[in-house]
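For reference, positions follow the sequence shown, starting with 1.
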Amino acid sequence: ESILLFNEMKQQNVTADLAVYNSLLHTYAKLNRDSEVSSLLQEIKAAGFKPNQITYTILLDMYAKKKNVKFAMGVCETAAREGIQLDTYM
C-alpha cells in the first residue's frame, strides 16, 4: 500500500519528505527487497535528505535479521560518523 501511494505521489509531482521515504524504506526492508532498499537510500540522498536515526535503525534491523554482520556494522559505523545514536530497541 505504501509503495502504491509513493508511486502515486511521484506521478502527481508531490514531493516526499524523509518520513515518507522512511516509511517506504521500512516496507521494502520488511519485504526483503534489498535492491529497492539500496536504490531508495540513494534516492533519499539525491533528494537532499540526510538519513536520520529512523533510517539507520530500519537498515540495522534489516541486516541484523538477515544475520549480515558486515552490513550491520557498516550501518553502525556510518551512523556514528554522522553523530546519530541508533535506537537500541528494534
Side-chain angles (χ1 to χ4, degrees):
E1 197 171 293
S2 60
I3 296 168
L4 295 174
L5 178 61
F6 183 73
N7 289 333
E8 187 175 321
M9 287 174 64
K10 282 179 136 180
Q11 290 174 352
Q12 301 294 325
N13 292 322
V14 175
T15 304
D17 62 10
L18 188 55
V20 171
Y21 279 116
N22 281 338
S23 176
L24 188 58
L25 192 70
H26 185 252
T27 299
Y28 283 143
K30 285 180 79 171
L31 295 172
N32 292 314
R33 293 173 65 174
D34 294 8
S35 63
E36 284 89 346
V37 167
S38 180
S39 295
L40 187 61
L41 191 56
Q42 295 306 314
E43 188 174 331
I44 289 169
K45 293 175 182 176
F49 295 108
K50 286 183 68 173
N52 63 10
Q53 179 188 34
I54 295 168
T55 311
Y56 287 120
T57 300
I58 292 166
L59 295 172
L60 181 59
D61 183 56
M62 180 183 80
Y63 293 128
K65 286 179 179 171
K66 293 175 176 279
K67 298 180 181 2
N68 189 331
V69 175
K70 179 180 176 183
F71 279 57
M73 290 301 298
V75 169
C76 290
E77 290 167 3
T78 301
R81 261 195 320 273
E82 294 181 11
I84 296 172
Q85 175 114 15
L86 295 176
D87 190 354
T88 55
Y89 177 79
M90 294 185 276

- [ ] Go through L31 and E36 one step at a time and tell me if the side chain to side chain contact (heavy atoms under 4.5 Å, CB included) criterion holds.
- [x] CA-CA 10 Å; L31 295 172; E36 284 89 346; over 6 Å; no
Could you list the donor-acceptor pairs under 3.5 angstrom formed between side-chain atoms of residues 38-50 and any protein atom two or more places apart in sequence or on another chain?
{"unit_1": "S39", "atom_1": "OG", "unit_2": "S35", "atom_2": "O", "d": "3.1"}
{"unit_1": "E43", "atom_1": "OE2", "unit_2": "K10", "atom_2": "NZ", "d": "3.2"}

Distance-only donor-acceptor hits, side chain of residues 16-24, under 3.5 Å, sequence neighbours excluded:
{"unit_1": "D17", "atom_1": "OD1", "unit_2": "A19", "atom_2": "N", "d": "3.2"}
{"unit_1": "D17", "atom_1": "OD1", "unit_2": "V20", "atom_2": "N", "d": "2.9"}
{"unit_1": "N22", "atom_1": "OD1", "unit_2": "T55", "atom_2": "OG1", "d": "2.6"}
{"unit_1": "N22", "atom_1": "ND2", "unit_2": "N52", "atom_2": "OD1", "d": "3.2"}
{"unit_1": "N22", "atom_1": "ND2", "unit_2": "T55", "atom_2": "OG1", "d": "3.3"}

Task: Set of residues satisfying salt bridge (charged side-chain N to carboxylate O under 4.0 Å, His left out) with respect to K30, sequence neighbours excluded - done: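 Salt bridge (charged side-chain N to carboxylate O under 4.0 Å, His left out) list for K30, sorted by chain: empty.
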Task: Euclidean distance, N68 CG relative to L60 CG, rounded to 0.5 Å - done: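 Nearest 0.5 Å value for the CG-CG distance: 11.0 Å.
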Open item on the list: Taking side chain to side chain donor-acceptor pair (under 3.5 Å) as the definition, give me every residue that meets it alongside Y56, ordered by chain and number, with sequence neighbours left out.
Closed with: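 With neighbours one apart ignored, the set is E82.
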Task: Taking every non-hydrogen atom, the tightest pair across A29 and I58 - done: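 In terms of heavy atoms, the two residues are closest at CB-CG2, 4.0 Å.
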Task: Intermediate values then yes/no, side chain to side chain contact (heavy atoms under 4.5 Å, CB included), N32 and K65 - done: CA-CA 10 Å; N32 292 314; K65 286 179 179 171; over 6 Å; no
Open item on the list: What I'd like to find out is whether the side chain of H26 reaches to under 4.5 Å of the side chain of D61, using heavy atoms alone.
Closed with: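 The answer is no; the side chains never approach within 4.5 Å.
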What donor-acceptor contacts under 3.5 angstrom involve side-chain atoms of residues 70-79, with partners at least two apart or in another chain?
{"unit_1": "T78", "atom_1": "OG1", "unit_2": "G74", "atom_2": "O", "d": "2.9"}
{"unit_1": "T78", "atom_1": "OG1", "unit_2": "R81", "atom_2": "NH2", "d": "3.2"}

